[in-house]
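These notes are about the structure you will find just below.
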Amino acid sequence: MCELFIKADARLWESTTRSLRIDGMVTSIRLENFFWGKLEEIAQRDAMNVVQLITRLHHESIDAGHDLGNFTSFLRVCCARYLDLQLSGDIPSDAGQPIATLNAPGILARERERKRIH
């Protein structure tokens, strides 16, 4: 079983630091390459680049009142949720369908319902 993980391309878990500007402030974000790839995939679905996606996530997190003390962990969880919601069928695997067009309240309700059942 572990061979699927152990023998994966080691570059996936190597970290890369990227510097970006959010609201005029330069910040550095260090993530494993796997997560950078998922963020790129998510961004492309809605015709954005990774910096635009991260900036949007940052702004919307602040607007929602989230504590951004560990923003990189938040980004990793976003990637994991993206994959989990694809597995459940709530986010289509067709990368041509923008995430912004999906029914977020409906997806969140179905997700809450699944968690109650388990």
Side-chain angles (χ1 to χ4, degrees):
M1 173 197 100
C2 293
E3 183 176 0
L4 289 173
F5 306 107
I6 300 303
K7 293 189 177 178
D9 186 346
R11 290 176 289 190
L12 291 173
W13 61 81
E14 290 174 357
S15 294
T16 300
T17 301
R18 296 188 188 181
S19 293
L20 53 116
R21 188 175 299 273
I22 300 176
D23 298 332
M25 301 292 292
V26 175
T27 187
S28 294
I29 297 176
R30 184 173 179 82
L31 288 169
E32 295 77 12
N33 293 329
F34 175 82
F35 293 112
W36 284 119
K38 289 299 137 194
L39 289 171
E40 288 169 9
E41 184 178 323
I42 295 167
Q44 288 173 359
R45 288 184 77 132
D46 285 275
M48 290 186 275
N49 62 43
V50 174
V51 173
Q52 290 169 322
L53 173 67
I54 290 173
T55 300
R56 188 172 197 169
L57 287 169
H58 187 267
H59 288 157
E60 291 184 15
S61 295
I62 290 171
D63 291 346
H66 292 180
D67 175 13
L68 297 180
N70 194 343
F71 190 60
T72 54
S73 288
F74 171 74
L75 293 174
R76 286 183 190 96
V77 170
C78 288
C79 293
R81 286 185 45 72
Y82 171 73
L83 295 171
D84 190 48
L85 290 169
Q86 278 188 318
L87 285 173
S88 70
D90 288 307
I91 293 180
S93 58
D94 174 14
Q97 182 168 2
I99 293 174
T101 65
L102 301 176
N103 176 2
I107 291 170
L108 292 168
R110 285 190 299 277
E111 184 180 42
R112 282 190 295 275
E113 186 61 31
R114 281 193 300 272
K115 290 187 186 309
R116 270 184 265 178
I117 292 171
H118 293 109

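Values below: all heavy atoms of this structure, side chains included; hydrogens, waters and symmetry mates excluded.
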- Item | Partner of Leu20 by side chain to side chain contact (heavy atoms under 4.5 Å, CB included), out of Val50, Asn49, Val51 | Val51
- Message: Is a donor from one side chain sitting under 3.5 angstrom from an acceptor on the other, for His59 and Asp23?
- Response: yes
- Message: Side chains of Ser28 and Thr17: any donor to acceptor distance under 3.5 Å?
- Response: no
- Query: What is the distance from atom CG of Leu68 to atom OG of Ser73, rounded to the nearest 0.5 Å?
  - Reply: 11.5 Å
- Whether over 12 other heavy atoms sit under 6.0 Å from Arg56 CZ: no
- To the nearest 0.5 Å, tell me how far Asp90 CG sits from Leu85 CG. 5.5 Å
- Query: Looking only at heavy atoms, what is the nearest atom pair of Pro92 and Gln97, with distance?
  - Reply: CG-OE1, 3.0 Å
- What are the two closest heavy atoms between Ser88 and Arg114, and how far apart are they? OG-NH2, 3.5 Å
- Item | Minimal non-hydrogen separation, Ile22 against His58, with atom names | CG2-ND1, 3.7 Å
- Is it the case that one hydrophobic cluster holds both Leu53 and Ile62, taking links as side-chain heavy atoms less than 4.5 Å apart, direct or via other members? yes
- Query: Where the side chain of Arg45 meets the backbone of Asp94, is there a donor-acceptor pair that is under 3.5 Å apart?
  - Reply: yes
- Contacts of Phe74 that satisfy ring-ring contact (aromatic ring centres under 6.0 Å, His included) - sequence neighbours left out: Phe71
- Message: If we ignore hydrogens and angles and just use 3.5 Å, is the side chain of Asp9 paired with the main-chain N or O of Leu12 as donor and acceptor?
- Response: no
- Task: Answer yes or no: is there a donor N or O on one side and an acceptor on the other, between the side chain of Trp13 and the main chain of Phe34, under 3.5 Å?
- Result: no
- Query: Any luck finding a side-chain donor-acceptor pair between Asp63 and Ser61 under 3.5 Å?
  - Reply: no
- Item | Flag side-chain contact, heavy atom, 4.5 Å: Arg116 against Arg112 | yes
- Task: Please report the shortest heavy-atom distance between Trp36 and Leu31, naming the atom on each side.
- Result: NE1-O, 3.2 Å
- Inter-residue atom distance Gln52.CD - Leu57.CG, 0.5 Å rounding: 12.0 Å
- Query: Which heavy atom of Ile54 sits nearest a heavy atom of Leu39, and at what distance?
  - Reply: CD1-CD1, 4.3 Å
- Query: What is the distance from atom CZ of Phe35 to atom OG1 of Thr16, rounded to the nearest 0.5 Å?
  - Reply: 12.5 Å
- Treat each ILVMFWY residue as a node, draw an edge where side-chain heavy atoms are under 4.5 Å apart, and state whether Leu75 and Leu83 are in one component. yes
- For the pair Lys38 and Glu41, find out whether any cationic side-chain nitrogen is under 4.0 Å from an anionic carboxylate oxygen. yes
- Task: Determine, step by step, whether Glu60 and His66 satisfy the side-chain contact (heavy atoms from CB on, under 4.5 Å) criterion, reporting the C-alpha distance in whole Å, the side-chain angles of both residues, the deciding distance to 0.1 Å, and the verdict.
- Result: CA-CA 9 Å; Glu60 291 184 15; His66 292 180; over 6 Å; no
- Message: For Met48, is there any backbone N or O sitting under 3.5 Å from a side-chain donor or acceptor partner on Asp46?
- Response: no
- Message: If the threshold is 4.0 Å, N to carboxylate O, is there a salt bridge linking Glu14 and Arg30?
- Response: no
